Amino acid sequence: MKYYLYSLFKNAAANLEYLKDINITFEVPKIGSHGDLSSNAAMLLTKKLKRKPREIAEEIITKLEIDPKIIEKVEIAGPGFINFFFTKSFITEITKDVLALTDNYGKSNKYAGKRANVEFVSANPTGPLTVGHGRNAVFGDTLANMLEWIGYSVDREYYFNNAGRQMRVLGDSVRLRYFELLGQNVEFPQDYYQGEYIKDIAKSLLDEHGNKLLNEPAEGAFKEKAESEIFKDIKKSLGRLGIIHKTFFNENSLYEEGKIREVLDAFKEKNLSYEKEGAVWLKLTELGNEQDKVIVKSTGEPTYRLPDIAYHTNKFKRGYDLMIDIFGSDHNATYPDVLAGLKALGYDSEKVKVLIHQFVTIMEGGEVVKMSTRKANYITLDELVDEVGSDVVRYFFNMRDISTHMNFDLAVAKKQSDENPVFYLQYAHARICSVLKMIEKEELKASTENLDLLVTNEEQQLLRKIHTFREEVLVSAELHESHRICSYLEELAAAFHKFYTFCRILGTEKKLAEARVALAMATKIVLKNGLSILGVTAPERM
RNA sequence: GCGCCAAUAGCUCAAUUGGAUAGAGCACCUGACUUCGGAUCAGGCGGUUAAGAGUUCGAGUCUCUUUUGGCGCACCA
């Protein structure tokens, strides 16, 4: 629908110069009586032209070459909106497109040929993934799906660090548990990793090596075993949600390949770093940030900023047009430094988008559960998937804008599972499948011969919803907001259920019945496609 | 103290990014098929969009102040 209007206005702009000065947009009005699409162009021009908006709207309309087969009515309303009413036959035509394109209906090629990298999860291998990681994981994967739907070629990436203090503590935690298993009396420090999984790792080391590891340093076999076991579990947890990363990028490789050194030299060369008190500082104040920050400690170890910058230069060199980083809100203070550093090195930091999601507050029985991997008082992503299943987890985390703080009451999530909107959508899909089976028995088929018969309010509303799917996917992907897909699908399912209640298929005249079958099939396709973007299944039976 | 994010119906959240009468679900109250799945549908109740000021044709949305909450504020990552 929009594409038609865009071309109309483009042609009109040849006669009306001022139309070229503004960004023409069309919106679906909230109220049905305001038409199918609406433009506020006249109001935007009021100031510039110093004329009344309704008068301008009047003039614009006279210049539009409207095809009466497509547009039934154009009117000026309110302060100066131009409302367009499409003909019913134009609305019903979409059914043909959907049935022809099936799994591809909703895809667009606006970004075809572009490459994107989505970095998400990126938890260091110190323990199982928590519910908090779940939001990051699900959102990242869904965003990657959405980008693919608008034409991007997308790589999913996981960045991790297996060096440093936290990994030493991890290795030593395993070592101490190993000693315990050998019957030694050890004191287990409070700030070590308390989780049961540490004991499991120690146990498997004992099974493999007996007591031969008594003199092994914490950073040797203990750390290595811990890392490999934990990573195995992390990949398994992600796999249960259908998430597979193409690349696991090890921070350490940046050191081994001298990339850290390169970045450091580049800063020095551009005179953007200086030494003070034995450390190397980056002149962030000259780059517009609040204060200078240390990039190499006086001990000679870099801070996180340096590898992060080096990591992103690596991404740039791999030729991505869009690089997305997904972080929890605890990282909110770090990325401006990294972006400023990249910009200073001559990279187009606009290509890097940092998306910060707010934390998930876990409630259990009305009480807030504090989360810490170290203290082991967290709820794992696996436990959550065990309780409610992958579909609900994926839908739940996608349902809401990532910038909102989210309350996740475990008791409610478990108990209320059949009140979750995901079942509403899946039910609509299963219902259609069931109807289609019935149709076969009655020797009816889908037909697009007589779509003009679909004139009731319920049919038209459903068709309109189907019309906007492609646009909705495009906008959601561009805004990086997966919750819009959820809202869309809930509205689509509602429109279908309403259609289903008011427009019967069996027992109606054959031509109309077959047109309705076609509409039901089209709805099924859109539902399934939308759910697949979210990574949620579309079952034929429930 | 400083920075980032937020505050919308009793609860959980939307609102086409500045548009027309702020919408859904849950909860509560009424109703609806003797053939396609009632996990559904129709209707009702419920709002000073935290408070105050400003910007303009027009503000939940932008700006400022205040209040409340989350997350940060290391030569940790």
Side-chain angles (χ1 to χ4, degrees), chain A residues 25-31 33-34 38 40 42-44 46-47 52-53 77-81 83 122 124 161 163-166 251 276-281 290-291 293-305 307-308 328-336 356-359 361 399-409 412 416 418-421 423-424 426-428 430-439 441-442 444 458 468 471-472 475-476 479 481 483-484 486-488 490-491 493-494 496-508 513 516-517 520 541-542:
Chain A
T25 58
F26 301 100
E27 286 160 3
V28 179
K30 284 175 191 162
I31 296 163
S33 63
H34 289 155
S38 169
N40 62 351
M43 278 128 76
L44 294 176
T46 309
K47 204 179 230 176
K52 287 177 186 163
F81 290 100
N83 295 337
S122 297
N124 287 336
N161 170 15
R165 202 187 94 86
Q166 53 175 344
E251 179 183 326
K276 191 176 85 180
E277 295 160 11
V280 181
W281 296 66
E290 292 276 309
Q291 50 187 245
K293 294 279 173 62
V294 170
I295 50 175
V296 182
K297 297 184 238 175
S298 53
T299 59
E301 275 182 274
T303 64
Y304 71 89
R305 293 180 190 90
D308 272 13
S329 63
D330 53 340
H331 280 68
N332 73 57
T334 71
Y335 69 90
I356 305 283
H357 68 263
Q358 295 301 310
F359 273 10
T361 307
M399 227 162 84
R400 282 160 198 164
D401 189 328
I402 57 163
S403 68
T404 62
H405 301 92
M406 182 172 166
N407 275 329
F408 199 142
D409 193 316
V412 174
Q416 265 197 340
D418 61 330
E419 286 167 12
N420 193 302
F423 292 102
Y424 184 75
Q426 292 184 324
Y427 178 62
R431 219 177 191 187
I432 297 171
C433 291
S434 164
V435 172
L436 294 179
K437 258 178 219 150
M438 198 70 69
I439 294 319
K441 282 184 201 154
E442 301 288 328
L444 283 168
E458 289 75 23
T468 56
E471 177 79 13
E472 195 60 51
V475 172
S476 303
L479 294 176
E481 292 180 352
H483 72 277
R484 302 172 64 102
C486 296
S487 314
Y488 170 84
E490 283 168 39
E491 286 166 15
F496 171 76
H497 283 307
K498 208 168 191 172
F499 158 77
Y500 179 88
T501 346
F502 287 97
C503 305
R504 302 196 61 81
I505 293 173
L506 292 185
T508 42
R516 283 179 176 169
V517 174
R541 248 194 312 257
M542 295 178 67

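The structure displayed is predicted, hence computed values, not measured ones. Throughout, protein chains are lettered first and strands after them, A, B, ... in sequence-line order, and every chain is numbered starting at 1.
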Specify the glycosidic conformation (syn or anti) of B:U17, with syn defined as within 90° of 0. syn
Want to settle it: does A:S33 or A:E251 sit nearer the 5' end of RNA chain B, counting the closest nucleotide to each? A:S33
Pairwise P distance, B:A50 and B:A9 [rounded to whole Å]: 8 Å
Between B:U63 and B:A24, how far is it from one P atom to the other, in whole Å? 29 Å
Kindly say if A:H483 contacts the phosphate of B:A15, meaning a side-chain N or O under 4.0 Å from OP1 or OP2. yes
Just by modelled atom types, is the A:N161 backbone N or O under 3.5 Å from a matching donor or acceptor in the A:N124 side chain? yes
If you go through the side-chain atoms of A:S298, does one of them form a donor-acceptor pair with the base of B:C75 closer than 3.5 Å? yes
note: A:L436, atom CG; B:C36, atom P; distance rounded to Å ~ 15 Å
Atom CE of A:M399 and atom C1' of B:G25: how far apart are they, to the nearest Å? 8 Å
Report which part of the nucleic acid A:M43 touches: base, sugar-phosphate, or nothing (heavy-atom distance under 4.0 Å, all strands). base
Is A:S403 near enough to B:A6 that one of its side-chain N or O atoms lies under 4.0 angstrom from OP1 or OP2? yes
Nucleotide by nucleotide, 5' to 3', does protein get under 4.0 Å of the base (B), only the sugar-phosphate (S), or neither (-) in nucleotides 42-48 of chain B, counting heavy atoms? S------
In whole angstroms, the gap separating C1' of B:G72 from OH of A:Y304 amounts to 10 Å
Defining pairs by Watson-Crick or G-U wobble geometry with both distances under 3.5 Å, how would you list the stems of RNA chain B with at least three pairs each? B:1-7 with B:67-73, B:10-13 with B:23-26, B:28-32 with B:40-44, B:50-54 with B:62-66
Measure the distance from CD on A:Q358 to P on B:C4 and round it to the nearest whole Å. 13 Å
From the set B:U40, B:C75, B:C57, return the single nucleotide nearest to any side-chain atom of A:Y427. B:U40
Under 4.0 angstrom between A:Y424 side-chain N/O and B:C41 OP1 or OP2: yes
